[in-house]
Amino acid sequence: MTRQTCLVAAVALSLAAPALAETAPKEVHFDAGKIADSLTGVPGDPANGVKVMTTNALGNCVACHTIAALPDVQFPGTIAPALDGAADRWTEAELRGIVSNAKMTFEGSFMPAFYKTEGYIRPGDGYTGKAAEGELPPILTAQQVEDVVAYLLTLKE
């Protein structure tokens, strides 16, 4: 019985290890818009990055950006730069910073901050009185940010 308990504890700790290594949104360090270190310590998965970028309830990057490598995306947006060649234009650290909070790189950008939990303006209080209370969760998880960055790093000219 003791051996099984130890085994269960070891498995639980190994599963929790990535979560323990995750950088919380408030602890992210930007250096000139860049985030040098992985937010999770786990490599991103480009296939999951595509899912995040093309799913409405997640990142939905294609609502604003076109990506030639994804020709079957319905209603690609044209109000933001095309992401073709993103890996040639930006480093991994720059891409991580842009995806996490583009305003740290491009002041005045209308791109949402995907990994941020504070500093939001909540107009619901002024209009309906029903703004969310407490801290809002980030739009994307740290791993989803890493997955998007991993996919963007595949986009070369």
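- Taking all atoms of both residues into account, the shortest heavy-atom contact from T66 to P76 is CG2-CB, 4.1 Å.
- Atom NZ of K156 and atom CZ of R89 lie 12.5 Å apart (nearest 0.5 Å).
- Proximity of V28 to N101: side-chain heavy atoms (C-beta onward) are nowhere separated by under 4.5 Å.
- In this structure, the side chain of R96 does not engage the main chain of T91 through any donor-acceptor pair within 3.5 Å.
- A single hydrophobic cluster is not seen to contain both V99 and V42; linkage of ILVMFWY side chains at heavy-atom distances under 4.5 Å, directly or through other members, places them apart.
- Residue T54 is tested with D72, I67, V73 for a side-chain contact (heavy atoms from CB on, under 4.5 Å); the sole match is V73.
- With hydrogens and angles ignored, the 3.5 Å screen pairs no side-chain donor or acceptor of N48 with any backbone N or O of D147.
- Atom OH in Y115 sits 12.0 Å away from atom NZ in K26 (nearest 0.5 Å).
- Of all heavy-atom pairs spanning D84 and A68, the tightest one is OD1-N, 2.7 Å.
- Contact of the M111 side chain with the I98 side chain is registered, since non-hydrogen atoms from C-beta on lie closer than 4.5 Å.
- Taking both residues in full, the closest heavy atoms of P137 and T117 are given as C-CG2, 4.2 Å, listed atom of the first, atom of the second, then distance.
- Note on F114: it clusters hydrophobically with L153, by side-chain heavy-atom contacts below 4.5 Å among ILVMFWY residues.
- Taking the side chain as every heavy atom from C-beta outward, L83 and M53 approach each other to under 4.5 Å.
- Note that CG of L95 is 11.5 Å distant from NZ of K34, once rounded to the nearest 0.5 Å.
- In this structure, CD1 on I35 lies 3.5 Å from CZ on F30, to the nearest 0.5 angstrom.
- The backbone N or O of A57 lies less than 3.5 Å from no partner atom in the side chain of T55, so there is not a single donor-acceptor pair.
- To the nearest 0.5 Å, the span separating NE2 on H65 from CD1 on I79 amounts to 8.5 Å.
- Counting heavy-atom neighbours within 6.0 Å of K116 NZ, excluding the residue itself, gives a total above 12.
- When the shell of 6.0 Å around NZ of K51 is examined, it contains 12 or fewer heavy atoms from other residues, nucleotides or ligands.
- For E92 (side chain) and V149 (main-chain N/O), no donor-acceptor pair under 3.5 Å exists by modelled atom type.
- One N or O on the side chain of T154 and one on the backbone of Y151 form a donor-acceptor pair closer than 3.5 Å.
- In this structure, CG in L140 is found 10.5 Å from CG in N60, a value given to the nearest 0.5 Å.
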